[in-house]
Amino acid sequence: METEPGTSLPRKRSGATRGPAPPSPGVRMRNAGWVGERAARRAALEDADTGEEPEFQVQRRPPGLLAGLASAEQPSRRGRIMADETQEAGGIHFPFPFTPYAIQKDFMAALYQVLEAGKIGIFESPTGTGKSLSLICGALSWLRDFEQKKRQEEERLLGAGAPASHNGLAPALGLPSSCQGSPGTPGATGEPDWITQFVQKKEERDLVDRLKEEQVRRKKREERLQQIRHNAKLRFAAKRMRQEDEETERLLRLSSEMLATGTEPEQVASGEEELVLAEYESDEEKGVPSGVDMDEDDLDEEHVTKIYYCSRTHSQLAQFVHEVQKSPFGQDTRLVSLGSRQNLCVNGDVRKLGSVQLINDRCVEMQRSKHERKSITEEEEPTRRRRRQEPRATCPFYSYERLQLLRDEVLVGVKDVEQLVALGEEAQACPYYGGRFAIPAAQLVVLPYQMLLHAPTRQAAGIRLQGQVVVIDEAHNLIDTITNIHSVEVRGSQLCQAHSQLLQYTERYGKRLKAKNLMYIKQLLYLLEKFVAVLGGNIKQNPNTQSLSQAGTELKTINDFLFQSKIDNINLFKVRRYCEKSKISRKLLGFTERYGAVLVPSMEQPKLSGFQDFLQSLQPGAMAAPAAPVEVGEDRSPRPASPLMHVEGFLEALTTANQDGRVILSRQGSLSQSSLKFLLLNPAVHFAQVVKECRAVVIAGGTMQPVSDFREQLLAGAGVEAERVVEFSCGHVIPPDHILPLIICSGPSNQMLDFTYQKRGLPQMMDETGRILCNLCNVVPGGVVCFFPSYEYQHQVCTHWEKSGLLARLTIRKKIFQEPRKANRVEQVLLEYSRCIKHCGQAQGTETGALLLSVVGGKMSEGINFSDDLGRCVVMVGMPYPNIMSPELQEKMAYLDQTLPRGPGQARPGKVLVENLCMKAVNQSIGRAIRHQKDFASIVLLDQRYASPAIQAKLPAWIRDRVEVKATFGPAFAALRKFHREKAGLC
């Protein structure tokens, strides 16, 4: 494949002769590169080539026109409009591994325009329509063209020595604001002309110098990667260097151990020095921000324009990376796969800690140890050596030279997380830091939701969103994800544990702590005491045996909670900052690891023996038998994180704006079972920073309906103008007659199907459901998947069927499987279900397949593919509304009723929220069946409420356009029998 000169992305094909119309005034500020487009097109015409790879031309038009194509109600009409208009302007070449579907062409064209115009796009493309490949080829084609235009502008600036005015690429190039106006414009500050001209010329010279430096860095990086890509000798040399480093480290370790023997500890026991808090100064006292653990500065370089792609799970990310590898961009794209330390760590001693928090803390502690060792002066060294017997461990996988080599190896080829870990083990270098150091030069960064949506995690990972593109895939539960990430719960037992640990820590090291440390520790102790008191408990008593006089749930605003707890006089911002900078929770964790689990003779540590007994009594079931001593080196993983870490998260949540969150006081009989929970009501407050910094954001998914939640709760709340939001929804690739969606309002005995909470438990409703399934199993071949609203209702129905004999009737035609509650058994059940269907298809007996009873929102309602015979019919029993009595949901509804506008004749926003939550769950479940172009299935919705036009409007368009409402069961059964008989020849 031919590439652009100096880039690693495929060459852009030249198109027609006429350029696009200028953007509308509302789009101009977000549309980089429209001015100066003529020069870019002229250069592209000169570089035109005649390659043989599959391609198609999609015409370019002003991004302002795209808003007219955003109607989600008429996807087919939108496609016709796009096809007609795109023949009027110049074309864009999208490399594709095969001839794309028409909807994929529309998807990529719309995506390109969203990125070009700096919009926020909500994209819906059903599973099986090639959404991932469309995202890859559309986004990377835009990045290819953007890089080409940027380099052409750089060359022009370096050649002319003066920047162009009104160029949309100016921000991307770092163009000074004074250089972006017209030459004759008077200075805004009223300065004399000669001063303005001097400042402008200086800024121009600085810009040219910076561009030259960037070109040199880019050239060096490309040469380095090219050498690694084509020169195997470098890899062997790196391996030999690693072996030499390992031998040197081994000898040094042996020498250190020999020197350390025989030394006597002073003041504190061996290894305790690192447990003592260092002298603390706040940022205000220092006058400068304190940088902690800024290891990435060693390998830092300027961030190029890139695309951040994130999804929910590591398996989905791995699948996306494999799609990139198969695409035309797979050979030359600089891709980095990011993950947590738990997924990427190759240090066995750290990985066996088990807990995510413990792994993170130990890793950061080892990096600090490494830097502290380097900073020790020769005068300090003898004193420190006398004071410390055991050297603090440093990570052998964190080496500057090896991280450099690993970074370059990561950028050379597209790799998923598993391949990155294997590469790190081979290179004896840390994949976590190697991936982080590769971010600046990467063109595509693949990462899980949490790393992008949580600001502290994003900052720690070295992710910079300014001017970048973010693509959020599988975004149907994006609002819930943001809410859950920033909602924190702390139990009463954790509050008591943290208080006891802090108290014992102060008694042990109080005389060695400075006054500032003692002041903040006392504040923390006071906060913990008041948190327990507001729950109705006593901090000095055992939480497991402490009964509360009141039981129930109470919901408070943040300010009311602070006043009721009597902590409104404490500056929580300063306390939170102290916890963050002093690392007190890590010190406390080390302290409890040293004394909390090992039985120490009471003569040596009289104070700590009571501490151990109390800690053990706090653990549920710990009083049954005394704890045995833990031998040194014994594996105790996975170990729980420090309870103070949970408290820190709760304190951080309390610094949220009062109107954006609530505190839930849950009193459940005993103090240990009670809890304080922070509930985030406004996820937009955390998403606003992403939208504000990014050039463009794409929210994509297979089932995004209903999209009103994204517009109103997320984007409008984040300050996004309605004009900036673009919706795109496409149909399915299957023929119209390959799907039969039915809404059935009554059963075989004319029992009206009303599965409301009050009526669904009636015997006649459960009997009617069983009769419907018996009839379906007689005509549907292969697998039938039936979804119930909850595990409890599924169990209730199955128990009733067993007593009435309906379960035995069902097993005549289908073997019955039930979704397990435990996640580790899901794969086994699915395997047995698949084998049964395959065996029945070959045996041709009375048993025609299997019936899988599943739960909406369970393990099988998302991410599982029931393609072909695994899911020839999907049945939805009732409507899975959330628990309307939940305090969290009631508060969310009340919040939306107060904050969201309500038009005349419209339902309350709170009621709309409940309906949307229900229909999102339905859409996810019924989308499990159709997975590719030749697949076919029937979809049966059992409840008369589905016949409501308002409910049907919330179904995906490709299902809504074909749905049939059947008032009685007879016509519905006839339609199902006819459908599956006609499709029997396709199996």
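Side chain of Arg872 to backbone of Phe936: a donor-acceptor contact under 3.5 angstrom is found. In terms of modelled atom types and a separation under 3.5 Å, the side chain of Arg458 and the main chain of Leu452 share a donor-acceptor contact. No side-chain donor-acceptor contact under 3.5 Å links Ser487 to the backbone of Asn484. A distance-only check finds a donor-acceptor pair linking the side chain of Lys892 to the backbone of Leu681 [under 3.5 Å]. Lys105 places no side-chain N or O within donor-acceptor distance of the main-chain N or O of Phe94, the cut-off being under 3.5 Å. For Arg464 (side chain) and Pro440 (main-chain N/O), no donor-acceptor pair under 3.5 Å exists by modelled atom type. A side-chain donor-acceptor contact under 3.5 Å links Gln325 to the backbone of Val414. Although no hydrogens or angles enter the test, the distance criterion places no donor-acceptor pair under 3.5 Å between the side chain of Arg962 and the main chain of Pro741. Looking at Arg362, its side chain never comes within 3.5 Å of a backbone N or O of Val350 through a donor-acceptor pair. Looking only at distances, no side-chain donor or acceptor of Ser337 sits under 3.5 Å from a matching main-chain atom of Val446.
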For a side-chain contact (heavy atoms from CB on, under 4.5 Å) check, start with the C-alpha distance between Phe728 and Val114, then their side-chain angles and the critical distance, and finish with the verdict. CA-CA 10 Å; Phe728 177 90; Val114 165; over 6 Å; no
Evaluation steps, side-chain contact (heavy atoms from CB on, under 4.5 Å), between Asp709 and Lys920: CA-CA 10 Å; Asp709 287 351; Lys920 280 182 183 292; 3.6 Å; yes
After noting the C-alpha distance and the side-chain angles of Arg407 and Arg436, does the key distance pass the side-chain contact (heavy atoms from CB on, under 4.5 Å) rule? CA-CA 8 Å; Arg407 175 197 62 185; Arg436 281 178 56 177; over 6 Å; no
Stepwise, does the side chain to side chain donor-acceptor pair (under 3.5 Å) test hold for Ser340 with Asn343? CA-CA 5 Å; Ser340 64; Asn343 292 105; 2.8 Å; yes
So Leu447 and Ile463, side-chain contact (heavy atoms from CB on, under 4.5 Å) or not? Walk me through it. CA-CA 10 Å; Leu447 68 165; Ile463 296 170; 3.4 Å; yes
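Taking CG from Leu344 and CG from Leu420, the interatomic distance works out to 5.5 Å, rounded to the nearest 0.5 Å. With rounding to the nearest 0.5 Å, the separation of CG in Leu715 from CD1 in Ile122 is 5.5 Å. Atom CZ of residue Arg334 and atom CZ of residue Phe329 lie 13.5 Å apart, to the nearest 0.5 angstrom. In this structure, the separation between CG on Leu338 and CE on Met451 is 5.0 Å, given to the nearest 0.5 Å. For the atom pair CG (Leu133) and CD (Glu323), the distance works out to 5.5 Å, reported to the nearest 0.5 Å. Distance NE2/His322 to OG/Ser132: 12.5 Å, rounded to 0.5 Å.
Side-chain contact between Asn477 and Gln924: absent, with no pair of heavy atoms (C-beta onward) separated by less than 4.5 Å. Under the 4.5 Å side-chain criterion, counting only non-hydrogen atoms from C-beta, Leu115 is in contact with Val698. Within the 4.5 Å cutoff, the side chain of Gln468 has heavy atoms near those of the Thr305 side chain. Contact annotation: the side chain of Cys363 approaches that of Tyr433 to within less than 4.5 Å [non-hydrogen atoms, C-beta and beyond]. Using a 4.5 Å cut-off on side-chain heavy atoms (C-beta onward), Tyr881 and Glu915 make contact. Proximity of Thr333 to Ile136: side-chain heavy atoms (C-beta onward) are nowhere separated by under 4.5 Å. Looking only at side-chain heavy atoms (C-beta outward), Asn916 and Lys954 come within less than 4.5 Å of each other. Side-chain contact check for Trp142 versus Val469: some heavy-atom pair is nearer than 4.5 Å.
Screening Lys131, Arg312, Gln316 for a side-chain hydrogen bond (donor to acceptor under 3.5 Å, both in side chains) with Asp473, the sole residue that qualifies is Lys131.
Taking the charged nitrogens against the carboxylate oxygens, Arg835 and Glu832 have no contact shorter than 4.0 Å, which rules out a salt bridge.
Heavy atoms only, all atoms of each residue included: Arg351 and Val346 are closest at NH1-CA, 3.3 Å. Annotation for Phe397 and Asn347: closest pair CE1-CA, 3.7 Å, computed over non-hydrogen atoms. Taking each heavy atom of Pro956 and Thr703 in turn, the nearest pair found is CG-CG2, 4.2 Å. The minimum heavy-atom distance between Lys415 and Leu335, with the atom names listed, is O-CD2, 3.7 Å. Shown here for Leu423 and Val410, the closest heavy-atom pair between the two residues is CD2-N, 4.4 Å. A pairwise comparison of heavy atoms in Leu714 and Ala684 identifies O-CB, 3.4 Å as the closest pair.
The aromatic rings of Tyr833 and Phe866 stand perpendicular to each other, their planes meeting at an angle above 60°, with 30° marking the opposite boundary.
More than 12 heavy atoms of other residues, nucleotides or ligands lie within 6.0 Å of CZ in Arg821, so this atom counts as buried by the packing criterion. No more than 12 heavy-atom neighbours from other residues, nucleotides or ligands sit within 6.0 angstrom of CD on Glu827.
Side-chain contact of Glu147 with Gln443: a donor-acceptor pair under 3.5 Å is present, judged by distance alone.
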